[in-house]
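Single-structure report; data block below.
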Amino acid sequence: MATPFWNKEIETAERSRLEQLQRERLRTTIGWALRTPFYRKKLAQVGIKAPDDIRSLEDLQRIPYTTKDDLRLSFPRGLLAVEMKEVLRVHSSSGTTGIPTVIYFARDDVDNWTDLLARSIVATGATDSDIFQNMMTYGMFTGGLGLHYGAERVGMTVIPIGGGNTKRQIQTMKDFQTTVVHITPSYLLHIHSRLGEDGIERRDLALRKAFIGAEPHSENTRRKLQDLLGIDAYNSYGLSELNGPGVAFECVCKKDMHVWEDAYIAEIIDPKTGEVLQDGAQGELVLTNLVRRATPILRYRTRDLAFLHPEGCDCGRTHRRLSRILGRTDDMLIINGVNVFPSQIEEKIMKIPEVATNYQIHVDKKGSLDRLTVKVEIYPKLFLGEVARLEALKHRIVEELRASIVITPGVELHEPGALPVFEGKAKRVVDERPKD
Ligand code: ADP
Ligand code: ZN
């Protein structure tokens with residue numbers, strides 16, 4: 001399944017060539033990092049005082065990990081490696097788990113990042129004939145401007161609509177015959193549920209592809225979106241600390257995401273011990289920038305759980321593929337001592353045909369016990385049927401979930417529109433247990 005390449009030489013480079021590039025660029029990056037107060041100190045602690053102290057890719061393992069807290073503590077300029085005058089743009093993370101962090105881009109950083117996105121877009125088979133509606137939030141969040149620049153570089157027609165305002169999104173998709181959208185999977189599910197309201201149906205739209213990212217989602221959610229809308233949906237992964245989207249993106253094969261290894265070094269580590277794991281083993285993703293001068297980040301612990309595929313891809317690209325994100329180390333729920341990832345729940349409920357497009361995971365305490373309730377929206381016509389059938393459906397959902405998460409959750413069935421809607425990253429888990 002070949003598609004055109006954006007930069008064939010790099011995208012299909014032999015591993016030895018990629019590693020040579022990584023080695024060279026790592027040393028350059030160390031040079032940049034040593035200009036920041038934060039890394040000067042951190043690297044000195046392990047005896048790294050100059051780029052030449054790193055000779056091989058194995059030497060990477062001498063470098064201590066960087067954490068989100070390091071980034072926060074370095075606010076505002078502890079990780080700035082250039083003069084402020086050279087900074088072209090400032091971005092920050094969306095702050096899902098606390099205070100946002102700041103990232104600076106020099107002109108060449110924006111240029112390199114844009115190129116990674118252009119490469120990612122082309123890998124999905126999208127072209128300069130496509131009409132691209134960017135439904136991600138603009139502003140400091142990297143999902144807006146990142147894809148925007150990449151799409152312009154490819155030569156797509158870009159509609160910079162940003163997030164939210166569902167009626168207007170649908171109208172715009174119709175008016176301009178949008179063919180490609182960039183959106184969170186939860187919001188695309190919601191958009192689908194609102195089709196038909198203002199007389200605009202699926203057949204009035206020209207949509208054929210979606211880049212879905214910024215939040216965890218299961219393969220079953222992708223399938224559901226593809227089936228409901230009759231489109232191809234491609235997983236897109238990135239985080240602002242490492243530029244934003246364009247770290248890893250699915251190609252036409254849709255079998256997980258190529259990490260652009262000329263721009264990042266990806267490692268998978270055991271989140272408990274910090275030990276580096278082999279390809280194929282699941283653990284925490286650690287990323288190192290190779291082409292970012294203004295805020296170079298070394299061995300960043302993403303807290304995202306995934307694995308790297310050891311084998312190649314049919315598209316011909318040699319850059320290793322990252323699995324979909326299986327959860328964040330910090331989003332695991334402990335319910336009466338049992339570990340549960342929200343992704344396990346999502347995977348199960350999204351394959352049940354009666355379940356519509358929204359759900360919520362609710363946790364509270366009853367007496368001394370934790371109580372897990374999964375609230376799902378189901379299609380309205382089901383509420384017209386007999387109560388017994390609703391009970392049977394509920395029972396089926398409980399059974400599906402129990403098989404996967406071991407504990408028995410409560411299940412509530414709701415009409416569409418009853419649960420909160422998110423226009424950006426969805427907040428699926430409501431944990432009302434008292435914090436101690
Ligand atoms: P944060 O949400 O940490 O404030 P960002 O806005 O930079 O900061 O979001 C990056 C995070 O979003 C990633 O670390 C990851 O947890 C999540 N994310 C991004 N893309 C995906 C994806 N395709 N699948 C799953 N999770 C994703
Ligand atoms: Zn591929």
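Scope of the values below: all heavy atoms of this structure, side chains included, with no hydrogens, waters or symmetry mates. In each ligand, atom 1 is the first atom listed, and ligand 1 is the first ligand listed. Position 1 is the first residue of the sequence; numbering continues from there.
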Where's the contact between [X] and ligand 1, heavy-atom distance under 4.0 Å: side chain, backbone, both or neither?
X    : answer
P245 : neither
T142 : neither
K68  : side chain

Pairwise distance CG(D130) to OG1(T124) - rounded to 0.5 angstrom: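 Result: 7.5 Å between the selected atoms.
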Gap separating the CD1 atom of I183 from the CD1 atom of I191, nearest 0.5 angstrom: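 Interatomic distance, I183 CD1 to I191 CD1, rounded to 0.5 Å: 4.5 Å.
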With atoms numbered from 1 as shown, which atoms in ligand 1 lie under 4.0 angstrom from a non-hydrogen atom of [X]?
X    : answer
N235 : 22 (C), 23 (N)
S236 : 20 (N), 21 (C), 22 (C), 23 (N)
G238 : 10 (C), 13 (C), 19 (C), 20 (N)
F141 : 6 (O)
G213 : 23 (N)
S240 : 7 (O)

T295 side chain vs Y104 backbone, donor-acceptor pair below 3.5 Å: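 Judged by distance alone, yes, a pair lies under 3.5 Å.
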Donor-acceptor under 3.5 Å (E267 side chain, R299 main chain):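 Here the side-chain-to-backbone pair does not exist.
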Partner of D111 by salt bridge (Lys or Arg N to Asp or Glu O under 4.0 Å), out of R89, R293, R153: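 The option that passes is R153.
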D304, any N or O under 3.5 Å of ligand 1 N or O: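 Yes, there is a polar N/O contact under 3.5 Å.
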Check: A214 N/O within less than 3.5 Å of ligand 1 N/O: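 Between A214 and ligand 1, an N or O pair is found under 3.5 Å apart.
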Any side-chain donor near an acceptor of the partner, T408 and R402, under 3.5 Å: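 Yes, a side-chain donor-acceptor pair sits under 3.5 Å.
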Check: Y234/S120 side-chain N/O donor and acceptor closer than 3.5 Å: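 Looking only at side-chain atoms, S120 and Y234 do not form any donor-acceptor pair under 3.5 Å.
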Pair E250 + R222, salt bridge at N-O below 4.0 Å: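 Answer for the salt bridge query: yes.
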Where the Zn ion (ligand 2) is the vertex, angle from C313 SG to H258 NE2 to 10°: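 The two atoms form an angle at the metal of about 110°.
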Ligand 1 contacted by K425 (non-hydrogen, < 4.0 Å):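 Contact present.
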Min heavy-atom dist R303 to ligand 1 below 4.0 Å: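 The answer is no: ligand 1 sits nowhere under 4.0 Å from a heavy atom of R303.
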Heavy-atom nearest neighbour of atom 10 (C) of ligand 1 within options T302, L239, L287: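 When every heavy atom of T302, L239, L287 is considered, L239 comes closest to atom 10 (C) of ligand 1.
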C253 near the Zn ion (ligand 2) via N/O/S, less than 2.8 Å: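 No.
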Parallel, tilted or perpendicular: ring planes of H182 versus F132, cut at 30 and 60 degrees: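 Parallel.
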cation_pi(R292, Y300) dist<6.0 Å, angle<=45: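 Ring-cation test returns no.
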